[in-house]
Amino acid sequence: MDTAYVVIPTYNERDNLRPLTERILSQHQSLRILIVDDNSPDGTGQLADELAREDSRIQVLHRPGKLGLGSAYREGFRRALDLGANYLIEMDADFSHDPAVLPLFLEKIAEYDLVIGSRYINGISVVNWPLRRLMLSYGANVYTRLITGLTIMDCTSGFKCFRRSLLERIDLDRITSDGYSFQIEMHFRCAELGARICELPIIFIDRRVGQSKMSKRIVREAVLMVWKLKLDSLIRQLLGRKR
């Protein structure tokens, strides 16, 4: 049976972790979980170890400190590939991503290389966000599509499923960004490789416990990243270099 690893970066997510892992594993027997904890002060890492002892479908990767979302996913992807994952799923730890969508990911990934949980494919499907943050997110996607030429409606989505063969074609050492820009960069690299991409409509619900990790630095990084990606692509085309 093909296995799908749900890679979940955590930092101070102790209150969410047990109910989240229970809901994920109840969705499909092929699902496994890899928790990537950045030495959370609230004991998330210790709870993750406890959950792993209780259920062999849960693995834990401990990191020495808060090193960023992008690096957490890069390390998590490498570990999941080493563990034999056929499919790799990005998912937040705060219940903003509904575990009930996971079986739909597994169904769609049979036909595609990348399945993206999209908040904007059917209008706007976001719950409990203040208008300012909603406009920031929606505007970031319009801006990204305009500059990069991507046709993905939700370029900043952090809920998605990769086919193993696609991730193996991406040089993860080249992916250096975090936050919004990590998602944009990954989508851009996948599109460059000619990946078969599908957007699946989801309803995004703002986190129910804890605080958002969004910051002004993350937003600034995303604004600059789209230009870096486009210019890098143009230069390589002019010089005739491979991706």
Side-chain angles (χ1 to χ4, degrees), residues 4-28 30-38 40 44 48 51 57-59 68-70 72-73 76-77 80 85 87-109 112 114-130 133-134 136-138 140-141 152-163 167 178-184 186-187 190 197-214 218:
Y5 267 86
V6 183
V7 180
I8 307 175
T10 58
Y11 188 79
N12 289 346
E13 298 288 359
R14 183 180 178 87
D15 292 339
N16 290 317
L17 199 58
R18 183 178 289 276
L20 179 65
T21 55
E22 290 174 352
R23 284 198 58 195
I24 289 172
L25 294 179
S26 70
Q27 299 301 317
H28 199 276
S30 70
L31 290 169
R32 305 289 186 270
I33 296 173
L34 174 60
I35 299 164
V36 184
D37 186 67
D38 277 4
S40 300
T44 300
L51 295 173
R57 294 165 69 189
I58 299 175
Q59 302 284 328
L69 181 70
Y73 274 126
F77 290 160
Y87 309 114
L88 298 94
I89 297 170
E90 282 189 31
M91 188 173 186
D92 289 348
D94 59 10
F95 277 99
S96 56
H97 299 148
D98 186 356
V101 176
L102 294 173
L104 298 178
F105 277 1
L106 297 178
E107 180 182 327
K108 287 290 185 181
I109 200 65
Y112 296 92
L114 171 61
V115 179
I116 300 170
S118 177
R119 298 161 292 183
Y120 304 124
I121 192 68
N122 288 339
I124 298 175
S125 300
V126 177
V127 178
N128 292 337
W129 263 6
R133 184 167 181 188
L134 177 60
L136 174 65
S137 174
Y138 190 79
N141 278 280
I152 298 168
M153 290 301 294
D154 196 345
C155 300
T156 59
S157 173
F159 193 21
K160 61 178 73 78
C161 179
F162 296 92
R163 184 179 288 273
L167 272 183
D178 282 307
Y180 270 156
S181 55
F182 171 78
Q183 310 300 352
I184 294 169
M186 287 296 291
H187 290 151
C190 290
I197 301 174
C198 167
E199 287 189 84
L200 187 70
I202 63 167
I203 297 176
F204 180 94
I205 302 174
D206 197 17
R207 61 180 301 124
R208 66 183 195 181
V209 176
Q211 296 181 342
S212 171
K213 310 299 192 300
M214 180 58 62
I218 289 174

Expected output: side-chain [X] to main-chain [Y] donor-acceptor under 3.5 Å:
| X | Y | answer |
| --- | --- | --- |
| Asn141 | Cys155 | yes |
| Glu90 | Tyr73 | no |
| Asp92 | Asp94 | no |
| Ser157 | Ser118 | no |
| Thr44 | Glu13 | yes |

* Of Tyr5, Tyr87, Phe162, which is the lone residue that meets ring pair (Phe, Tyr, Trp, His ring centres under 6.0 Å) with Phe77? ->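 Running ring pair (Phe, Tyr, Trp, His ring centres under 6.0 Å) over Tyr5, Tyr87, Phe162 with Phe77 returns exactly one hit, Phe162.
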I'd like to check [X] versus [Y] (side-chain heavy atoms, cut-off strictly below 4.5 Å). Are they in contact?
| X | Y | answer |
| --- | --- | --- |
| Ile203 | Asp98 | no |
| Ile116 | Met153 | no |
| Phe95 | Leu20 | yes |
| Pro99 | Met91 | yes |
| Ile121 | Asp154 | no |

Taking atom [atom1] of [X] and atom [atom2] of [Y], what is their separation to the nearest 0.5 Å?
| X | Y | atom1 | atom2 | value |
| --- | --- | --- | --- | --- |
| Ile8 | Ile89 | CD1 | CD1 | 9.5 Å |
| Leu17 | Ile58 | CG | CD1 | 7.5 Å |
| Lys160 | His187 | NZ | NE2 | 3.5 Å |
| Leu104 | Ile109 | CG | CD1 | 12.5 Å |
| Leu51 | Glu22 | CG | CD | 8.0 Å |
| Leu167 | Leu114 | CG | CG | 8.5 Å |

* To do: Answer yes if the ring centres of Phe159 and Phe204 are under 6.0 angstrom apart, and no otherwise.
  =>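 Not close enough - the centres of the two rings lie 6.0 Å or further apart.
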What are the two closest heavy atoms between [X] and [Y], and how far apart are they?
| X | Y | value |
| --- | --- | --- |
| Gly68 | Asp178 | C-OD1, 3.4 Å |
| Val115 | Leu200 | CG1-CB, 4.2 Å |
| Thr156 | Ser137 | OG1-OG, 4.2 Å |
| Ala93 | Thr10 | CB-CG2, 4.0 Å |
| Phe182 | Gly70 | CD1-CA, 3.6 Å |
| Ser40 | Tyr11 | OG-CA, 3.1 Å |

Who pairs with [X] by side-chain contact (heavy atoms from CB on, under 4.5 Å), at least two apart in sequence or on another chain?
| X | answer |
| --- | --- |
| Asn122 | Pro201 |
| Ile124 | Tyr120, Val126, Leu134, Tyr138 |
| Arg57 | Leu25, Leu31, Arg32, Asp55 |

